[in-house]
2 protein chains.
Amino acid sequence: MSGIADVAARAGVSKATASRALTGSGYVSEHTRARVLAAAAELGYVPSTSAVSLATGRTNNIGVVMPYVNRWFFAEVLEGIQATLLERGLDLTLYDAKPGTVGRAQIFDDFLARKRFDGLIAVGLEPEDRELQRLVQIGRPIVSVVGSDEGTSYVSVDDDHAVRRATEHLVALGHHDIVFVGGGTGPHWAHVDRRRLLGYESAMTTAGLSGHIRHFRSDVTIPGGYAAAVDLLSDARTRPTALVGACDEVAIGAIVAARRLGIQVPSDLSVVGVDDHEYAEMFSLTTLQQLPRQQGSAAVELLLGQIADPSRPTTIVQMQARLIVRSSTAPVDPQLAAAALDSAATKA
Amino acid sequence: MSGIADVAARAGVSKATASRALTGSGYVSEHTRARVLAAAAELGYVPSTSAVSLATGRTNNIGVVMPYVNRWFFAEVLEGIQATLLERGLDLTLYDAKPGTVGRAQIFDDFLARKRFDGLIAVGLEPEDRELQRLVQIGRPIVSVVGSDEGTSYVSVDDDHAVRRATEHLVALGHHDIVFVGGGTGPHWAHVDRRRLLGYESAMTTAGLSGHIRHFRSDVTIPGGYAAAVDLLSDARTRPTALVGACDEVAIGAIVAARRLGIQVPSDLSVVGVDDHEYAEMFSLTTLQQLPRQQGSAAVELLLGQIADPSRPTTIVQMQARLIVRSSTAPVDPQLAAAALDSAATKA
DNA sequence: TTGAAAGCGGTACCAA
DNA sequence: TTGGTACCGCTTTCAA
């Protein structure tokens with residue numbers, strides 16, 4: 001528990017000089033610097049973070065706010081952030097702000113107001129107006145991951161492009177009956193899912209399949225996708241030949257459901273997701289890979305830049321998802337396609 | 001950005017009185033207290049955490065160290081911790097210490113030494129000796145979740161009991177050929193898995209089935225369980241009639257593998273896990289439920305107690321897992337049992 | 001019951 | 001290049 005005064009005394013210099021030597025700011029002769037460093041090492045000196053913060057106004061800590069930590073995407077982003085901060089010697093304070101909880105209100109009203117951080121990373125937050133206002137009030141740099149239009153810098157994957165690409169892949173395989181699954185089961189859609197739905201719709205329209213546009217709501221989890229797919233696939237008459245999951249979790253749930261129902265993937269049903277989830281490989285899932293760790297990492301870089309120079313303009317980092325073809329997608333079965341045409345004809 | 005001096009001025013009292021009124025320590029008349037509180041509210045006063053820490057020596061922050069944040073159990077524990085800390089108004093600093101990384105060494109050598117926390121919760125850390133030493137050096141209260149013998153307080157589920165119970169359940173259904181899957185694929189077993197293996201072995205021995213004891217190594221993840229099960233189940237001659245997963249992830253992976261191989265669960269193969277993972281329901285998995293959130297919550301309580309009164313003795317909270325029977329387990333098929341007997345006879 | 005003042009452990013300005 | 005010293009913002013004796 002020795003302080004800088006002890007180090008200074010041991011090195012035979014003043015506190016001021018010791019501080020300069022230790023922080024590397026200001027003039028210190030090589031000789032004294034060495035003495036001070038040695039003394040610090042001998043004493044096992046560790047600066048008091050609160051004293052440093054109080055004196056400098058910097059906390060060397062970054063706040064991370066996210067609504068979940070137990071979903072793959074969020075956990076990955078968190079690990080990416082953590083790893084990058086670690087390299088920079090910065091701490092990370094986590095705020096778990098689940099929508100609609102008192103805890104969340106408390107985080108926005110009390111915790112964030114304490115400003116125990118130099119900057120904030122908001123992951124998939126989708127703040128309400130009141131919350132957004134709070135965020136702004138804090139007056140610290142903010143970077144969002146999967147940001148909506150918060151007027152802050154953000155990094156995210158190009159959702160429109162990703163799902164468009166996914167849909168095109170299915171279209172290229174001859175599919176027409178392609179349904180989009182996701183969006184949650186609550187009253188309103190999550191922004192990400194909304195954007196992805198639009199990507200699907202525009203790809204369908206471009207392909208001249210606007211008449212086939214169909215979406216089916218599901219929680220964006222594996223059990224959610226499973227439950228939705230059981231509903232969606234049970235009736236052979238309305239069963240699509242292909243399915244786009246709002247994310248891999250939904251897609252995986254759908255694959256599990258299909259198998260349970262005796263529907264072969266990909267011969268009876270093609271499935272594509274977005275994420276490249278850790279289980280994607282095991283389920284041979286064709287997907288659009290986004291790299292959440294890199295997004296986390298990029299968010300840190302962006303934020304640190306903003307902290308270093310607050311006048312830096314708001315920046316957007318848009319990453320492109322990459323198509324990974326595994327074996328959950330296949331050319332549409334001619335018979336199925338014919339059947340679909342028939343039923344379409346019947347309807348008409 | 002108004003400080004306590006502003007509040008004091010506005011309330012027409014001294015800083016000292018304002019501080020007393022705000023923190024609720026020491027004598028303050030009702031009248032002045034009200035005035036101070038009102039002034040603080042009007043100014044939107046928020047105390048500077050670094051100043052408070054510097055003056056009191058308390059950070060109002062808890063450190064959490066865990067090797068993963070993207071595995072179900074850890075994420076759940078983390079959420080439990082977070083929620084409980086939130087209620088208490090405490091911040092949480094996360095340290096993601098992956099075994100064998102430079103980041104981990106850095107955490108132990110630099111980050112933890114900064115002591116930016118009043119206490120530490122270590123989740124499934126399994127520290128090496130050097131690390132353990134560091135932990136002790138810090139001189140702050142520590143509580144472990146899934147603790148090994150660190151000489152600290154800890155909370156965990158009774159692994160031996162859980163797996164014993166799981167095994168007994170299978171034995172009661174007439175199974176003899178029961179294999180334990182887990183332990184990771186690395187050079188050494190994780191402590192938890194080791195304890196669980198022992199529980200399995202002792203249950204088998206008690207049931208007079210010591211000759212049938214068999215374990216199969218697998219990463220404790222869904223893909224890990226899947227891969228292991230594919231190996232284990234492919235050969236019909238060595239295929240067990242029942243399987244105990246070191247955790248639900250392994251068990252779920254095994255179920256997925258079995259289905260892929262055309263092996264019916266539970267008629268051809270009974271599977272039981274430990275956890276009650278969020279996917280357990282969807283896979284109808286019979287399991288021993290442990291409640292990681294509650295473990296996280298209990299860890300916080302324990303830690304806060306220790307912080308409030310450092311002389312408090314080391315305490316162990318051992319939770320009991322509860323058997324939840326779903327439909328991944330069934331009485332052993334008489335034919336399979338007979339076949340197993342035959343092969344045993346052949347071997348003998 | 002209240003106030004003055006001395007820290008808490010650093011940083012940084014200014015003078016030497 | 002170094003040292004003295006005034007803060008940073010709050011808590012906490014101690015005296016009034």
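These values consider heavy atoms only, across backbone and side chains, with no hydrogens, waters or symmetry-generated copies. In what follows, chains are A, B, ... by sequence order, proteins preceding strands, each numbered from 1. Predicted, not measured: the structure shown is a model, and the values here were computed from it.
- Taking 4.0 angstrom as the limit, A:S19 places a side-chain polar atom (N or O) nearer than this to OP1 or OP2 of C:dT11.
- Counting to the nearest Å, the P atom of C:dT11 and the CG atom of A:L22 are 7 Å from each other.
- Between B:E79 and A:V69 there is a side-chain heavy-atom pair separated by less than 4.5 Å.
- Relative to the six-membered ring of B:F108, B:R104 misses at least one condition, a distance below 6.0 Å or an angle of at most 45° to the axis.
- Computed from coordinates, the B:R116 CZ to C:dG9 C1' distance equals 14 Å when rounded to whole Å.
- Paired with A:I81 under the rule side chain to side chain contact (heavy atoms under 4.5 Å, CB included), one option of A:I62, A:L94, A:L86, A:V123 passes, and it is A:V123.
- For A:A16, counting side-chain heavy atoms from C-beta on, the closest listed nucleotide (C:dA4, C:dG9, C:dA12) is C:dA12.
- Using a 4.5 Å heavy-atom threshold, the side chains of A:N60 and B:R116 count as touching.
- Phosphate proximity of C:dA4 to B:S14: absent, as no side-chain N or O sits under 4.0 Å from OP1 or OP2.
- In this structure, A:S53 reaches neither bases nor backbone, as no heavy-atom distance under 4.0 Å exists between it and the strands shown.
- Atom CG of A:L54 is separated from atom P of C:dG10 by 12 Å (rounded to the nearest Å).
- Whole-Å rounding puts the A:Y27 OH to C:dC13 P distance at 14 Å.
- In this structure, B:R134 does not pair ionically with B:E128, as no charged nitrogen and carboxylate oxygen lie closer than 4.0 Å.
- Using a 4.5 Å cut-off on side-chain heavy atoms (C-beta onward), A:L92 and A:L78 make contact.
- As a whole-Å value, the separation of B:R35 CZ from C:dT2 P is 11 Å.
- Between B:T32 and C:dT2 there is a side-chain N or O to OP1 or OP2 distance below 4.0 Å.
- Partners of B:R140 according to the salt bridge (charged side-chain N to carboxylate O under 4.0 Å, His left out) rule, which considers only residues two or more places apart in sequence or in another chain, do not exist here.
- Atom NZ in B:K15 sits about 11 Å away from atom P in C:dA5, given to the nearest Å.
- Residues B:I107 and B:L112 have side chains in contact (heavy-atom distance under 4.5 Å, counting atoms from C-beta outward).
- In summary, contact between chain A and DNA chain D, defined as any nucleotide atom under 4.0 Å from a heavy atom of the protein, begins and ends at D:dT1 to D:dG9 in the 5' to 3' direction.
- The distance from atom CZ of B:R58 to atom P of C:dC8 is 19 Å, rounded to the nearest whole Å.
- Distance, A:I4 CD1 to C:dG9 P: 12 Å, rounded to whole Å.
- With contacts defined as side-chain heavy-atom distances shorter than 4.5 Å, the pair A:L125/A:S144 does not qualify.
- The stretch residues 38-52 of chain B touches DNA chain D through B:Y45, B:P47, B:S48, B:A51, B:V52, each having a heavy atom under 4.0 angstrom from the strand.
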